[in-house]
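As the structure lists them, so they are numbered: ligands from 1, and atoms in each ligand from 1.
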Amino acid sequence: MNQTMQSQPFLWGSATASYQCEGAWQEDGKVESMWDRYLHENGYENGDVASDHYHRFREDLQLMHDGNQNAYRFSLSWPRIITDLDGTVNEKGLAFYGALIDECLAQGIEPFVTIYHWDLPQYLQEIGGWLNRKTCDAFVTLCRVVWKAFGGKVKHWTTFNEPKWFTFSGYFNGNYPPEHRDAQELITCCFNVMLANAMAVREFRAEKIPGEVGLVASYETFYPAEDNAACAAAAHNADNFANLWCTSSCAKGVFPADLVQRLKEEGLDLSFADEQALQIIHDNTVDFLGLNYYSPEFVTPCEEETEIVINNAGKNFKRKSLYKVKGWFATVRNPNLKYNAWDMGIYPQGLYDTLKTNYDLYHIPVYITENGYGNYDQMENGVINDDERIEYIDGHVKALLRAKADGVDVRGYFVWSAMDLYSWKNGCEKRYGLIYVDFEHDCRRIPKKSYYWYRDAIAAGFSKEGRN
Ligand code: BGP
């Protein structure tokens with residue numbers, strides 16, 4: 001890692017992802033992503049236009065600048081940049097990101113770039129996606145292209161966003177493309193993604209790309225629902241299942257031994273984990289961890305059949321979200337917490353624990369790369385009073401500052417999301433933005449009350465308290 005990173009100011013920013021905000025799904029030579037294909041084929045709400053960031057990024061960056069934000073986390077659309085299996089580069093796609101990065105720098109905003117935030121090119125999905133090792137090689141090709149183009153301008157790189165969610169949802173729960181439900185496929189994909197991460201880190205170091213390279217993990221804090229050994233064991237199972245395979249392999253270079261043992265006992269075939277791949281993972285760990293934290297889970301043991309229920313319908317949903325994995329763990333609602341309409345529990349202590357746990361385990365710098373509150377925001381007389389979001393962010397930032405004061409090397413905080421955007425399978429009415437996007441009227445932008453609050457809070461003290 002570049003030493004200058006240690007003296008950088010604390011990053012206060014906001015985040016987006018390419019598919020969720022750019023729109024322009026067919027413009028300037030971009031090819032289809034697996035999400036384009038999947039949402040179109042099924043007639044679901046899609047991100048064809050989304051927040052139209054592709055055409056409005058200058059206005060968005062101006063708003064971030066005016067909002068005192070000094071960093072912007074965004075991702076690159078792979079199918080905009082590389083258009084086929086031969087690795088053909090689409091210069092117009094690269095030029096878009098060049099303009100976006102230059103605009104960040106002109107506005108005094110650090111670009112914090114995620115290379116993969118789920119929008120795999122459809123041509124790679126057709127050869128098996130993350131089940132196929134060729135996708136790992138193709139990922140390294142993508143990294144090489146973007147590092148050649150933007151290395152030096154961008155100092156903060158992350159390879160993957162949340163390996164847990166796109167593998168679990170795509171290959172176990174089946175609610176994301178390619179809608180498979182197969183534990184063997186799940187663990188194969190998980191391994192290949194972590195291998196691709198390590199191969200990319202190796203490339204980053206070999207090419208001496210300036211700056212730092214990390215990975216963004218979704219970190220779910222799992223707490224025993226009751227104070228007993230069985231619930232504690234279930235919480236550890238859940239941690240292994242959802243978090244540790246990812247964080248331990250990218251930050252320490254090894255998969256948890258008890259998890260590996262357990263998978264073998266369950267009859268899963270781990271022959272994909274060949275010596276050479278394990279060595280690459282071992283030798284190429286990340287400089288930092290990005291952690292996305294939204295809500296905690298409280299767990300008990302589970303002997304019932306596996307069942308996952310995800311609330312994508314908000315207030316119209318007739319059940320409650322749950323996560324039951326037979327023999328591993330089950331989640332239960334905590335009656336003491338407030339939940340939003342999509343069953344997300346609000347618990348700032350979870351963010352503190354996320355930071356502390358990961359820093360204590362891995363001793364590398366951490367960033368909160370996503371934290372935010374989904375709601376049905378309403379505009380009344382041109383104003384959006386999103387007080388619940390303000391309360392949520394305020395509570396979580398305070399938890400972050402507490403962790404920092406307790407010695408955690410946390411270097412930045414990004415609100416999810418910069419502006420309203422498309423939420424995977426939930427559509428656009430689940431809004432997270434600091435800035436309202438009027439999807440009905442040409443995607444015009446209207447800063448919410450939280451935008452002004454965040455702007456003033458940064459000026460008033462977050463920066464001071466957050467500085468190293
Ligand atoms: C994270 C993803 C983001 C974003 C966020 C909110 O898992 O990295 O892309 O979508 O969660 O989740 P959702 O949109 O499902 O409410």
Side-chain angles (χ1 to χ4, degrees), residues 13-22 33-35 38-39 44-47 50-51 53 72-78 112-120 158-170 173 175-177 193 214-221 242-243 246-247 289-297 308-317 321 323 339-346 350-351 354 367-377 388-389 392-393 396 413-434 437 439:
S14 54
T16 63
S18 49
Y19 183 76
Q20 297 182 267
C21 73
E22 285 177 3
S33 74
M34 75 190 295
W35 277 90
Y38 167 72
L39 296 173
Y44 295 138
E45 188 177 338
N46 59 52
S51 330
H53 186 59
Y72 174 37
R73 174 175 176 239
F74 58 91
S75 76
L76 308 177
S77 161
W78 189 344
F112 199 101
V113 178
T114 307
I115 299 175
Y116 183 81
H117 198 129
W118 307 357
D119 41 358
L120 188 75
T158 63
T159 52
F160 286 91
N161 178 70
E162 298 189 350
K164 146 77 195 302
W165 281 111
F166 71 87
T167 55
F168 168 83
S169 307
N173 191 32
N175 61 323
Y176 282 3
V193 169
L215 177 143
V216 172
S218 50
Y219 197 81
E220 292 167 271
T221 46
N243 300 322
C246 173
T247 53
L289 270 179
L291 299 165
N292 293 350
Y293 173 80
Y294 287 86
S295 56
E297 296 288 1
I308 318 282
V309 179
I310 307 252
N311 176 357
N312 292 122
K315 62 188 177 196
N316 301 320
F317 200 59
S321 293
Y323 212 154
Y339 285 79
N340 80 353
W342 291 264
D343 300 334
M344 184 192 82
I346 301 170
L351 185 138
T354 294
Y367 293 83
I368 292 294
T369 34
E370 285 181 31
N371 175 240
Y373 187 72
N375 211 352
Y376 296 101
D377 295 326
E388 289 179 31
R389 178 167 299 107
Y392 179 96
I393 297 173
H396 286 77
Y413 173 85
F414 293 84
V415 174
W416 184 268
S417 50
M419 78 292 286
D420 291 337
L421 37 68
Y422 169 83
S423 162
W424 313 102
K425 295 296 285 284
N426 303 302
C428 287
E429 69 167 1
K430 185 178 187 185
R431 294 173 182 269
Y432 281 92
L434 295 168
V437 173
F439 296 110

Exercise. Short N/O distance, under 3.5 Å, between E370 and ligand 1?
Worked result: yes

Seminar exercise, completed: A student comparing Y373, W416, F166, W165 should find that the heavy atom closest to atom 4 (C) of ligand 1 comes from W416

Problem set entry | Distance from atom 7 (O) of ligand 1 to nearest protein heavy atom, with residue and atom | E162 OE1, 2.5 Å

Exercise. Can you list the ligand 1 atoms lying under 4.0 Å from a non-hydrogen atom of Y432?
Worked result: 6 (C), 12 (O), 13 (P), 14 (O), 16 (O)

For this session: With sequence neighbours excluded, tell me which residues meet ring pair (Phe, Tyr, Trp, His ring centres under 6.0 Å) with Y38.
Result: W35, Y44

Exercise. Which atoms from ligand 1 have a heavy atom of H117 less than 4.0 Å away?
Worked result: 2 (C), 3 (C), 8 (O), 9 (O)

Exercise. What about Y176: any of its N or O atoms under 3.5 Å from an N or O on ligand 1?
Worked result: no

Problem set entry | Atoms of ligand 1, numbered as shown, that sit under 4.0 Å from any heavy atom of W424 | 3 (C), 9 (O), 10 (O), 14 (O)

Exercise. Where does K425 meet ligand 1, judged by heavy-atom distances below 4.0 Å: at the side chain, the backbone, both, or neither?
Worked result: neither

Problem set entry | Qualifying residue for ring pair (Phe, Tyr, Trp, His ring centres under 6.0 Å) with F112, from F414, Y413, F74 | F414

Problem set entry | Sub-4.0 Å atoms of ligand 1 with respect to non-hydrogen atoms of N161 | 8 (O)

For this session: Would you kindly specify which portion of N426 sits under 4.0 Å from ligand 1, judged on non-hydrogen atoms: side chain, backbone, both or neither?
Result: side chain

Exercise. Of S51, S75, S77, which meets side chain to side chain contact (heavy atoms under 4.5 Å, CB included) against E22?
Worked result: S77

Exercise. Does a donor on one side chain and an acceptor on the other come within less than 3.5 Å for N292 and S218?
Worked result: no

For this session: Report yes if the distance between the aromatic ring centroids of F168 and Y176 is under 6.0 Å, otherwise no.
Result: no

For this session: Would you mind listing which atoms of ligand 1 come within a distance below 4.0 Å of any non-hydrogen atom of S423?
Result: 13 (P), 14 (O), 15 (O), 16 (O)

Seminar exercise, completed: the protein heavy atom lying closest to atom 5 (C) of ligand 1 turns out to be Y294 OH, 3.3 Å

Exercise. Quick one: do the Y392 and N371 side chains pair a donor with an acceptor below 3.5 Å?
Worked result: yes

For this session: For atom 9 (O) of ligand 1, find the nearest protein heavy atom and state the residue, atom name and distance (0.1 Å precision).
Result: Q20 OE1, 2.6 Å

Exercise. Among side-chain atoms of E297 and Y323, is any donor-acceptor pair under 3.5 angstrom?
Worked result: no

For this session: For residues F317 and S321, report the shortest heavy-atom separation together with the two atoms involved.
Result: CE2-N, 4.4 Å

Problem set entry | Check: D119/S18 side-chain N/O donor and acceptor closer than 3.5 Å | yes

Problem set entry | Region of A17 engaging ligand 1 - heavy atom pairs below 4.0 Å | neither

Exercise. Going by the atom numbers of ligand 1, which of them fall below 4.0 Å from some non-hydrogen atom of K430?
Worked result: 13 (P), 16 (O)

Problem set entry | T114 side chain to R73 side chain, donor-acceptor N/O pair below 3.5 angstrom | yes

